[in-house]
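Have a look at the structure below before the remarks.
Because the structure is a prediction, the values reported are computed rather than measured.
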Amino acid sequence: MDNLTWKNKLAVYLVIGIEEIGGRSALETVRLAIAGGATAVQLREKHAPLQHVLETGKKMRELCREHGVPFIVNDRVDVAMLLDADGIHVGQDDLPASEVRKLTKERMFIGVSASSVEEAHWALAQGADYLGVGAIYATGSKSDAGDPVTPALIGEIRTFSDIPIVGIGGITSDNCSEVMKQGADGVAVISAIVGQPEPKQAAAHLHEIIATCIVK
């Protein structure tokens, strides 16, 4: 996929583990989120046994393929390759995007986290295909997210880069328009969908707001 296609695919970017939350399995939450309008799914699982990650990840990937939704794996290049993911997302302390590209033989779109202008420049120099910028707001979903960077950082990065940008960290339906106004192409969320009593409706609400921002 080219940049424009990926920009559209990253609009409502669900980040999820494999654990059951609120009485729903992760697969059921993904199914509901896609039905509501989630456009990308990232598997982020740091604690579960690898066997369970692979078993659930395979089912998650098939669900995404069935609906034409990109399936992305966080951090683990080996897991991404075993699951034949569409993309992989790495942090500043993980393998550089350039090395990931060599390992995956150009088969995956590569996202890199950035929490400053300097980190964004480094990610671009390494060949990132998109940036995950944050934590935009305070979040309890990621213990090492650091201090909020505010939506303004996306605006700063947008002045020197046109690659897709996804805001992440503490983003909800109430504040996502502020992130989009700064030039983001989408928002990555956990609690705003996973933690809601009706994930399908939560994803649909986010999709509606973001679609309005993109049109403007």
Side-chain angles (χ1 to χ4, degrees), residues 1-15 37-42 44 69-70 72 74-75 86-98 100-101 106 108-139 141-142 144-193 203 205-216:
M1 285 186 279
D2 56 25
N3 265 7
L4 180 60
T5 304
W6 267 94
K7 283 184 176 183
N8 294 330
K9 290 287 188 182
L10 298 177
V12 180
Y13 184 138
L14 171 65
V15 180
T39 57
V41 173
Q42 181 194 117
R44 177 195 287 173
V69 170
I72 300 159
N74 187 63
D75 286 352
D86 300 300
I88 182 162
H89 189 96
V90 293
Q92 292 283 321
D93 295 328
D94 298 322
L95 282 176
S98 56
V100 174
R101 198 174 301 285
E106 306 278 347
M108 295 183 192
F109 214 69
I110 303 169
V112 180
S113 299
S115 59
S116 68
V117 167
E118 292 73 20
E119 289 186 356
H121 277 300
W122 185 87
L124 292 171
Q126 294 299 317
D129 291 309
Y130 77 90
L131 298 177
V133 176
I136 300 294
Y137 304 105
T139 175
S141 299
K142 194 170 186 294
D144 59 348
D147 294 331
V149 299
T150 80
L153 178 60
I154 291 175
E156 289 185 61
I157 295 171
R158 190 50 89 202
T159 62
F160 59 84
S161 176
D162 190 42
I163 72 168
I165 295 177
V166 177
I168 187 169
I171 297 173
T172 69
S173 58
D174 291 330
N175 59 28
C176 65
S177 60
E178 294 302 316
V179 179
M180 298 298 291
K181 285 177 184 175
Q182 292 291 330
D185 300 291
V187 295
V189 299
I190 302 176
S191 301
I193 293 179
H205 188 42
L206 275 170
H207 191 277
E208 181 180 0
I209 296 170
I210 290 168
T212 302
C213 293
I214 291 173
V215 169
K216 289 179 179 178

Working for side-chain contact (heavy atoms from CB on, under 4.5 Å), residues V189 and V15: CA-CA 6 Å; V189 299; V15 180; over 6 Å; no
Taking all heavy atoms of [X] and all of [Y], pick out the closest pair and write down the distance.
{"X": "V112", "Y": "A123", "result": "CG1-CB, 3.5 Å"}
{"X": "G134", "Y": "S115", "result": "O-CB, 3.2 Å"}
{"X": "P164", "Y": "K7", "result": "CG-CG, 3.5 Å"}
{"X": "I171", "Y": "N175", "result": "CA-OD1, 3.3 Å"}
{"X": "I110", "Y": "V100", "result": "CD1-CG1, 3.8 Å"}
{"X": "A40", "Y": "L10", "result": "CB-CD2, 4.2 Å"}

Min side-chain heavy-atom separation I193-L206 under 4.5 Å: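 Yes - at least one pair of side-chain heavy atoms lies under 4.5 Å apart.
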Non-hydrogen side-chain atoms of P70 and Y13 separated by less than 4.5 Å: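 Answer no - side chains too far apart.
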Check whether [X] reaches the backbone of [Y] with its side chain - one donor and one acceptor, N or O, closer than 3.5 Å.
{"X": "D129", "Y": "G87", "answer": "no"}
{"X": "T39", "Y": "A11", "answer": "yes"}
{"X": "Q92", "Y": "E119", "answer": "yes"}
{"X": "T159", "Y": "E156", "answer": "yes"}
{"X": "R101", "Y": "G127", "answer": "yes"}
{"X": "N74", "Y": "R44", "answer": "no"}

Rounded to the nearest 0.5 Å, what separation is found between the [atom1] atom of [X] and the [atom2] atom of [Y]?
{"X": "D75", "Y": "H89", "atom1": "CG", "atom2": "NE2", "result": "8.0 Å"}
{"X": "I210", "Y": "M180", "atom1": "CD1", "atom2": "CE", "result": "5.5 Å"}
{"X": "I168", "Y": "I136", "atom1": "CD1", "atom2": "CD1", "result": "9.0 Å"}
{"X": "I209", "Y": "C176", "atom1": "CD1", "atom2": "SG", "result": "4.5 Å"}
{"X": "D174", "Y": "Y137", "atom1": "CG", "atom2": "OH", "result": "10.0 Å"}

Test side chain to side chain contact (heavy atoms under 4.5 Å, CB included) applied to A120 - qualifying residues, sequence neighbours left out: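 Checked A120 against side chain to side chain contact (heavy atoms under 4.5 Å, CB included); matches are A114, L131, I157, F160.
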Carboxylate-amine/guanidinium contact D185 K9, below 4.0 Å: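 Salt bridge: no.
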Parallel, tilted or perpendicular: ring planes of F109 versus Y130, cut at 30 and 60 degrees: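 It falls in the parallel class, under 30°.
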Residues that E178 engages under salt bridge (Lys or Arg N to Asp or Glu O under 4.0 Å), provided they are two or more places apart: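 K181.
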Partners passing side-chain hydrogen bond (donor to acceptor under 3.5 Å, both in side chains) against S98 (at least two apart in sequence or in another chain):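 Once residues adjacent in sequence are excluded, the partners of S98 under the side-chain hydrogen bond (donor to acceptor under 3.5 Å, both in side chains) criterion are Q126.
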